[in-house]
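Basis for what follows: all heavy atoms, side chains included, without hydrogens, waters or symmetry-related copies.
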Amino acid sequence: MITLAEGLRLPTNGLDYTILAIYFVVVLGIGFAARRSVKTSLDFFLSGRSLPAWVTGLAFVAANLGATEILGMAATGAQYGVAVVHWYWIGAIPAMVFLGLVMMPFYYRSKVRSVPEFLLQRFDRSAHLLSSVLFAFAAVLIAGVNLYALSIVVEALLGWPQWVAIVVAGLFVLAYITIGGLSSAIYNEVLQFFVILAALIPLVVLGLKRVGGWGGLTHSLTSAHGHNFLTAWGGTGIGQANPLGANWLTIILGLGFVLSFGYWTTNFAEVQRALSAKNLSAAQRTPLIAAFPKMFIVFLVMIPGLVAAVLVPKIGAPGGLQYNDAIPYLMQELLPNGVLGIAVTGLLAAFMAGMAANVSSFNTVFTYDIWAKYVKQGRPDGYYLRFGRLITAIGVLASIGTAFIASSFSNIMGYLQTLFSFFNVPMFVVFIIGMFWKRASMKSGVWGLLAGTTAAMVNYFWIYKQHVISIPTDQGANFVSAIVGFVAGAAVMVVVTLFTEPKPQAELAGLVWGSPRSNGVESGGGTTAPGLEEQPAEGDDAWYRKPALLGWGAIALAALCYLPYSL
């Protein structure tokens, strides 16, 4: 089992524990306050579709600020250098913009309560059931990653036994989600967003000061790792060597398109936040608002990783500090008491936000898409509300079990990217073909999911792990697995479609780009089903709220961010 180094013990005192206790009290208070608004299952699972865009936007980015961002991305920075920016500027922003401008109108206007439910409307029950099971399984695995990361940090930094940290954290997340539902999770994620910033900013400032500023940092890293360690695209030509072990083609196609779009557009842990918005305009703006803080968060996780690579030259070597130790090591070395308490609280907040996002999406999919559709149909709404609370507890217990699967990965970012290539990519190919190709048949959905998932797993476990083809790093293998899964899923969908019947045109309204309206006229975007037109709310037509402006502005800003790191 990979744990943080034994020497990482923080000199916490009463002030630090007081800050931590205050945070936990506030979080539970938010849960009890949100409970008053939970009267129906829609309130519990989707906040009654009542939240403003700024709240859902911050929750959208906070839901992703779990183990992936804090430990995982800092570890990736320490291991691969500036190449970590790809996960943000090409691996997140374009997909978030695509979700807001193109896919949210499909999701929101169709009134689906989950991502798999959209596949039920576009394809058939077999595609819906398979996608529901795959998503529920992946959600529990990813929630376990956050819980595992939290436990090893607490064990190493505060001295708590790992099993105690796992149980306490799991029960705490269970408490505030069960009490207040998605509203509790979302409002806590907004709080957690600011707590996380308060934890990371001092690490960046003090870390740079310790290594002599940005100039001292770059000089030390260039001397130790070479120039390509501090460039985004250096050495990424096909056949060239670079720290990431991936060329520009696999970065753009594997990460920038397949993995990125697969995660951000079909991962219900994220999409659920947008679906809880009060209207379509707010739902569209949710990922677009989130895109702006997202593109700058990279500096808060990359720089600590780079600083750790300077202060611990042999980080990642057997028997020493692992890449996952980067953030905790800097906390131990740099932060005074009080600030240390905020940093510990920020780490715990990040892990709980990531776990809560996956648990809340798991309980929604399991209740609506599995239990209510295939096990207990037609029950009163109160029954599903009670069952949702029960399955939340089961999901947390399952996450405690899956937390230990993550222990075999020294860089948990690699583990998460592996999961995304297995589960999110096949779902994305089915979505994208189903949305833009009217002829795609009902049966092609389930076979595309099966083919994509199987191909990605075969590539990773057999072709890569058995060294059939040499791929330099786990991350490079994940990019290739994502491309293989996407191509296999798409090819099988095309072949199956040629031999099976398409869905009737009348049933495609609002589900396929260019589908007909009720009057038989092409709808242009094809995103409006009969009877679901929505008048814009007051103020939504203001120029600064235009989704197109927000989206293309985010794309342009992300492209500009690349310039200093592309020379």
Engineer: Pick from Gln121, Lys438, Met442, Arg439: which one makes a side-chain contact (heavy atoms from CB on, under 4.5 Å) with Lys503?
Structural biologist: Met442
Engineer: If you round to the nearest 0.5 Å, how far is OG of Ser132 from CG of Leu120?
Structural biologist: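 So the CG of Leu120 and the OG of Ser132 are separated by 8.5 Å.
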Engineer: Could you report the tightest heavy-atom contact between Gly77 and Leu306, atom names first, then the distance?
Structural biologist: O-CD2, 3.6 Å
Engineer: Are Phe486 and Phe257 near enough that their ring centres are under 6.0 Å apart?
Structural biologist: yes
Engineer: Are a donor atom and an acceptor atom from the side chains of Ser360 and Arg273 found within less than 3.5 Å of each other?
Structural biologist: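 Indeed, the side chains of Ser360 and Arg273 share at least one donor-acceptor pair under 3.5 Å.
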Engineer: State whether the number of non-hydrogen atoms from other residues, nucleotides or ligands found under 6.0 Å of His219 atom NE2 is greater than 12.
Structural biologist: no
Engineer: Specify the closest pair of heavy atoms between Ile315 and Ala78, including all atoms of both residues, with the distance to one decimal.
Structural biologist: CD1-CB, 4.4 Å
Engineer: Evaluate the ring planes of Trp89 and Tyr562, with Trp represented by its six-membered ring, and classify them as parallel (under 30°), tilted (30 to 60°) or perpendicular (over 60°).
Structural biologist: perpendicular
Engineer: What verdict does the side-chain hydrogen bond (donor to acceptor under 3.5 Å, both in side chains) test give for Thr236 and Asn247, after you've listed the backbone C-alpha separation in whole Å, the side-chain angles of each residue and the deciding distance to 0.1 Å?
Structural biologist: CA-CA 4 Å; Thr236 60; Asn247 58 53; over 6 Å; no
Engineer: Between Ser421 and Ser481, does any side-chain donor sit less than 3.5 Å from a side-chain acceptor?
Structural biologist: no
Engineer: Measure the shortest side-chain to side-chain distance between Ile303 and Leu208 over non-hydrogen atoms and say whether it is less than 4.5 angstrom.
Structural biologist: yes
Engineer: Could you tell me whether the side chain of Leu101 reaches within less than 4.5 Å of the side chain of Leu288, counting heavy atoms only?
Structural biologist: yes
Engineer: Locate the shortest heavy-atom distance separating Trp437 from Met493; write the atom from each residue and the value.
Structural biologist: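 Smallest interatomic distance, heavy atoms only, reads CZ3-O, 4.5 Å.
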Engineer: Test Phe422 against Phe461 for ring-ring contact (aromatic ring centres under 6.0 Å, His included), laying out the working first.
Structural biologist: CA-CA 11 Å; Phe422 292 170; Phe461 290 115; 5.5 Å; yes
Engineer: Heavy-atom distance under 4.5 Å between the side chains of Leu203 and Ile327, does that happen here?
Structural biologist: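 Touching, per the 4.5 Å side-chain cut-off.
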Engineer: When rounded to the nearest 0.5 angstrom, what is the spacing between CD1 in Ile297 and CG in Asn64?
Structural biologist: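 Going from CD1 on Ile297 over to CG on Asn64, the span is 8.0 Å.
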Engineer: To the closest 0.5 Å, what do you measure between CE (Met435) and CZ (Phe428)?
Structural biologist: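 Atom-to-atom, Met435:CE and Phe428:CZ are 9.5 Å apart.
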Engineer: Could you tell me whether the side chain of Phe137 reaches within less than 4.5 Å of the side chain of Thr402, counting heavy atoms only?
Structural biologist: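 Result no, sub-4.5 Å side-chain heavy-atom pair not found.
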Engineer: Check whether His86 reaches the backbone of Ala232 with its side chain - one donor and one acceptor, N or O, closer than 3.5 Å.
Structural biologist: yes
Engineer: Of all the heavy-atom pairs spanning Ala440 and Ile433, show the shortest one and how long it is.
Structural biologist: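 Answer, listing the atom of Ala440 first, then Ile433: CB-CG2, 4.1 Å.
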Engineer: Assess whether side chain to side chain contact (heavy atoms under 4.5 Å, CB included) is satisfied between Ser276 and Ile186, documenting all intermediate values.
Structural biologist: CA-CA 9 Å; Ser276 67; Ile186 286 179; 3.4 Å; yes
Engineer: Under a plain distance cut-off of 3.5 Å, with no hydrogens placed, do Ser114 and Gln272 share a side-chain donor-acceptor pair?
Structural biologist: no
Engineer: Can you check side chain to side chain contact (heavy atoms under 4.5 Å, CB included) on Thr497 and Trp447, steps first, answer last?
Structural biologist: CA-CA 10 Å; Thr497 293; Trp447 290 107; over 6 Å; no
Engineer: So which atom in Leu119 and which in Leu449 form the shortest heavy-atom distance, rounded to 0.1 Å?
Structural biologist: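 That closest heavy-atom pairing would be CD1-CD1, 4.4 Å.
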Engineer: List the steps, then state whether side chain to side chain contact (heavy atoms under 4.5 Å, CB included) holds for Val298 with Met73.
Structural biologist: CA-CA 8 Å; Val298 63; Met73 284 301 183; over 6 Å; no
Engineer: Are Tyr107 and Phe118 close enough that their ring centres sit under 6.0 Å apart?
Structural biologist: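 Aromatic pair counts; centres sit under 6.0 Å.
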Engineer: Heavy-atom distance under 4.5 Å between the side chains of Phe431 and Thr265, does that happen here?
Structural biologist: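 Counting from C-beta outward, Phe431 and Thr265 never come under 4.5 Å.
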Engineer: Can you say whether the rings of Trp214 and Tyr565 are parallel (under 30°), tilted (30 to 60°) or perpendicular (over 60°)?
Structural biologist: perpendicular
Engineer: Do the rings of Trp87 and Phe479 sit parallel, tilted or perpendicular, given the 30° and 60° boundaries?
Structural biologist: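 Judged by the thresholds at 30° and 60°, the geometry between Trp87 and Phe479 is tilted.
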Engineer: Can you tell me if Trp233 has over 12 outside heavy atoms packed within less than 6.0 Å of its CH2?
Structural biologist: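 Buried by this count: over 12 neighbours within 6.0 Å.
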Engineer: Given side chains that start at C-beta, do those of Asp124 and Lys443 come closer than 4.5 Å, heavy atoms only?
Structural biologist: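 A side-chain contact exists here, since the closest heavy-atom pair is under 4.5 Å.
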Engineer: Dump the intermediate steps for side chain to side chain contact (heavy atoms under 4.5 Å, CB included) on Leu419 and Ile142, then the final yes or no.
Structural biologist: CA-CA 8 Å; Leu419 294 180; Ile142 296 171; 3.8 Å; yes
Engineer: Main chain of Pro502, side chain of Ser441: is a donor-acceptor contact present, judged purely on distance under 3.5 Å?
Structural biologist: no
Engineer: With the side chain counted from C-beta on, respond yes when Lys294 and Phe60 share a heavy-atom pair under 4.5 Å apart, and no when they do not.
Structural biologist: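 A side-chain contact is absent here, since even the closest heavy-atom pair is not under 4.5 Å.
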Engineer: For the CD atom of Gln322 and the OH atom of Tyr329, what is their distance to the nearest 0.5 Å?
Structural biologist: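 Answer rounded to 0.5 Å: 14.5 Å.
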Engineer: Taking side chain as C-beta onward, heavy atoms only, is Ile432 less than 4.5 Å from Phe98?
Structural biologist: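 Side chain of Ile432 against side chain of Phe98, heavy atoms only: contact under 4.5 Å found.
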Engineer: Do Gln284 and Tyr108 have side-chain atoms, one donor and one acceptor, less than 3.5 Å apart?
Structural biologist: no
Engineer: Using modelled atom types only, decide if a donor and an acceptor are shared between the side chain of Ser131 and the backbone of His128 within a distance under 3.5 Å.
Structural biologist: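 Between the backbone of His128 and the side chain of Ser131 there is a qualifying donor-acceptor contact (under 3.5 Å).
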Engineer: Kindly state whether the ring of Phe229 and the ring of Tyr80 have centres lying under 6.0 angstrom apart.
Structural biologist: no
Engineer: Measure the spacing between CE of Met295 and CD1 of Ile93 and express it to the nearest 0.5 Å.
Structural biologist: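 Interatomic distance, Met295 CE to Ile93 CD1, rounded to 0.5 Å: 4.5 Å.
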Engineer: Can you measure from CG (Leu141) to CG (Asn358) and round to the nearest 0.5 angstrom?
Structural biologist: 9.5 Å
Engineer: Is a side-chain N or O of Thr56 found less than 3.5 angstrom from the main chain of Ala53, in a donor-acceptor match?
Structural biologist: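 Such a contact is found between Thr56 side chain and Ala53 backbone.
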Engineer: Which pair of non-hydrogen atoms, one from Phe362 and one from Ala136, has the smallest distance, and what is that distance?
Structural biologist: CD1-O, 3.6 Å
